[in-house]
Amino acid sequence: LGVRFRIYFGIIILLTAVSYFFAYNGYSYLPEHISANRFLIGLGVFFALSLISFFLSIELLTGGSTLSVASLVFFTLNFYFGPFWTMLIAAISYFFWNKFCLHKEFIKYFHNMLQISLSVFSAGVVFYLTGGRFGVLNFPGVIFPLMMMLMTYFTVNSLAVSCAIGFYEGISPFWVWYDNCRWQLFYTVASLPLLLLMLYLYQEMQEWGIILFFLPLMMIRQAYLHYVKLKQTYKETVLTLVKGIEANDPYTSGHSERVSIYARNLASAMNLPYSEVEKIEIAAILHDVGKIGGDYHSLIRKPAKLTDEEFKIIQQHPVLSANLVSHIHFLRGDIENIIRHHHESYSGNGYPDGLKGEEIPLGSRIIMVSDAYDAMTTDRPYRKALSHQQAIEELQRYSGYQFDPKVIEVVLKIRLSKDSIKGEETPRIVMVSATESPA
Ligand SMILES: [Fe+2]
């Protein structure tokens with residue numbers, strides 16, 4: 001553990017201890033509108049619901065993050081029971097979830113217990129300071145303090161998580177925040193109407209209201225799970241197809257998979273929107289799928305230089321690949337286009353259409369570089385593999401001619417090497433976005 005992480009962790013422990021102290025002394029009141037008995041039942045139900053929300057949270061397709069409705073439970077609890085009890089319940093449910101479901105290491109789940117307490121406390125205090133009163137649901141006056149509560153929770157929570165990951169892994173917390181937390185802002189703001197509904201239902205029907213609220217949410221979750229499974233099946237189908245083609249040739253085995261990981265890393269490092277990164281990743285794994293035909297079988301294994309005639313055949317493969325994938329609804333359009341142009345050269349003398357510079361889809365330019373890097377760093381029938389350094393030098397030499405200089409700049413910044421992807425899972429191929437799924 002680095003020094004910066006230790007200092008950060010010390011600060012978090014201190015802040016959390018102070019916030020528990022103030023929460024207990026300032027906000028641990030027994031809400032006047034609820035009897036002691038009801039209070040205990042309420043706490044029990046909320047605890048159960050936050051556990052259920054955590055254990056049933058689903059992995060979002062936007063890059064390994066999880067979404068759960070637990071934060072809505074915490075906001076409701078914070079509103080009716082004040083920060084102290086919410087902090088306790090949040091921390092304990094985080095403990096169970098992180099230790100027994102996610103199986104995180106001690107330091108990670110301990111940190112999560114601290115940061116969730118801190119987030120809940122700050123959210124409650126800001127709610128109070130901006131005019132909100134615990135347990136008083138007065139429209140429309142309550143909306144502003146509630147919004148501030150959501151924003152504060154988001155801010156403290158995302159900052160703490162980004163700092164922890166950043167200092168732990170030795171990367172800039174800002175980039176961690178930018179990559180992982182940015183989009184959560186949208187969900188946070190968008191959850192306000194849901195929160196208002198939940199608060200209202202609790203006021204009118206207590207625990208039953210909350211349970212009623214959860215039922216339709218469970219249905220949405222079920223539908224989303226089906227969608228996730230569908231995408232998984234799709235991914236497996238694509239991978240099987242590509243592996244089948246590569247099985248013919250020991251030299252290209254694993255090539256498409258590696259190219260897609262390089263392309264995904266490059267595209268993410270260029271800060272492209274997640275949907276773009278996905279398209280490029282999928283195009284990369286399928287870029288040479290047109291080589292499935294019989295002619296290619298002997299050509300790609302040929303240990304000598306190709307004749308002009310043979311080279312002409314090879315040059316048809318991007319078009320064949322694009323035509324092939326165009327039969328699949330999901331892949332038609334952008335992905336098909338990226339595949340078609342993955343051998344266009346930046347200076348304009350590539351194939352099949354001789355596009356130049358920015359005319360070439362960005363995804364194709366990224367795949368061109370990833371493809372070349374992987375080809376150079378693996379053994380081929382006619383030569384031995386180059387080293388990482390030699391391959392990088394080659395890429396730099398042809399920057400602006402064959403390769404897009406902007407992509408090469410990124411290659412130099414990130415760790416693009418075979419070793420760097422060893423631990424990486426096979427490409428997480430997930431389809432483009434919910435709105436583009438066939439009706
Ligand atoms: Fe190719």
Side-chain angles (χ1 to χ4, degrees), residues 238-239 241-264 266-267 279-302 305-326 328 331 334-356 359-383 385-386 391 394-395 398 401-404 407-408 411 416 427 429:
V238 168
L239 274 176
L241 180 70
V242 171
K243 280 190 173 148
I245 299 164
E246 290 183 346
N248 283 324
D249 177 16
Y251 286 106
T252 55
S253 163
H255 169 70
S256 303
E257 233 171 291
R258 286 193 302 271
V259 170
S260 80
I261 296 177
Y262 295 142
R264 178 179 81 205
L266 281 173
K279 283 181 191 169
I280 295 170
E281 182 181 5
I282 294 161
I285 199 154
L286 288 167
H287 71 280
D288 276 346
V289 79
K291 289 182 179 170
I292 197 167
D295 286 346
Y296 291 97
H297 189 66
S298 52
L299 288 186
I300 47 186
R301 311 177 70 153
K302 190 177 170 183
K305 263 204 157 213
L306 298 177
T307 65
D308 286 352
E309 200 62 13
E310 288 165 335
F311 196 61
K312 280 219 172 78
I313 298 175
I314 283 284
Q315 285 190 331
Q316 289 162 5
H317 85 270
V319 178
L320 289 179
S321 302
N323 288 348
L324 209 60
V325 301
S326 72
I328 301 171
L331 305 174
D334 289 348
I335 295 177
E336 174 192 351
N337 217 22
I338 295 175
I339 293 176
R340 183 185 171 95
H341 297 296
H342 81 268
H343 278 289
E344 303 284 5
S345 172
Y346 195 72
S347 54
N349 43 28
Y351 55 90
D353 299 322
L355 299 187
K356 205 174 172 177
E359 289 169 5
I360 309 165
L362 178 59
S364 314
R365 286 178 261 150
I366 290 176
I367 293 176
M368 165 64 115
V369 172
S370 316
D371 193 12
Y373 176 82
D374 188 68
M376 287 191 279
T377 51
T378 39
D379 288 331
R380 287 293 151 118
Y382 42 89
R383 58 146 178 78
L386 301 185
E394 283 298 298
L395 290 180
Y398 292 100
Y401 302 100
Q402 191 179 351
F403 308 116
D404 179 355
V407 179
I408 300 298
V411 169
L416 184 77
I429 305 256

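In this chain, residues are counted from 1 in sequence order. As the structure is a prediction and not an experimental result, all values here were calculated from the model. Excluded from the calculations below are hydrogen atoms, water molecules and symmetry mates; all remaining heavy atoms, backbone and side chain alike, are included. Whatever order the structure lists ligands and atoms in, that order sets their numbers, starting from 1.
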| request: Taking the six-membered ring for Trp and the full ring for Phe, Tyr or His, determine whether the centres of H255 and H287 are under 6.0 Å apart. | output: yes

| request: Give a yes or no on whether a salt bridge exists between K356 and E344, defined as a side-chain N under 4.0 angstrom from a carboxylate O. | output: no

| Does the gap between the ring centers of Y373 and Y262 come in under 6.0 Å? | yes

| message | For the Fe ion (ligand 1), which protein N/O/S atoms fall under 2.8 Å? Skip waters. | response | D288 OD1, H317 NE2, H342 NE2, H343 NE2

| Steps toward side-chain contact (heavy atoms from CB on, under 4.5 Å) verdict (I285, E257) | CA-CA 6 Å; I285 199 154; E257 233 171 291; 4.3 Å; yes

| Would you call the rings of Y351 and H343 parallel, tilted or perpendicular if under 30° counts as parallel and over 60° as perpendicular? | parallel

| Is S321 reaching over with its side chain to a backbone N or O of R340, donor-acceptor style, under 3.5 angstrom? | no

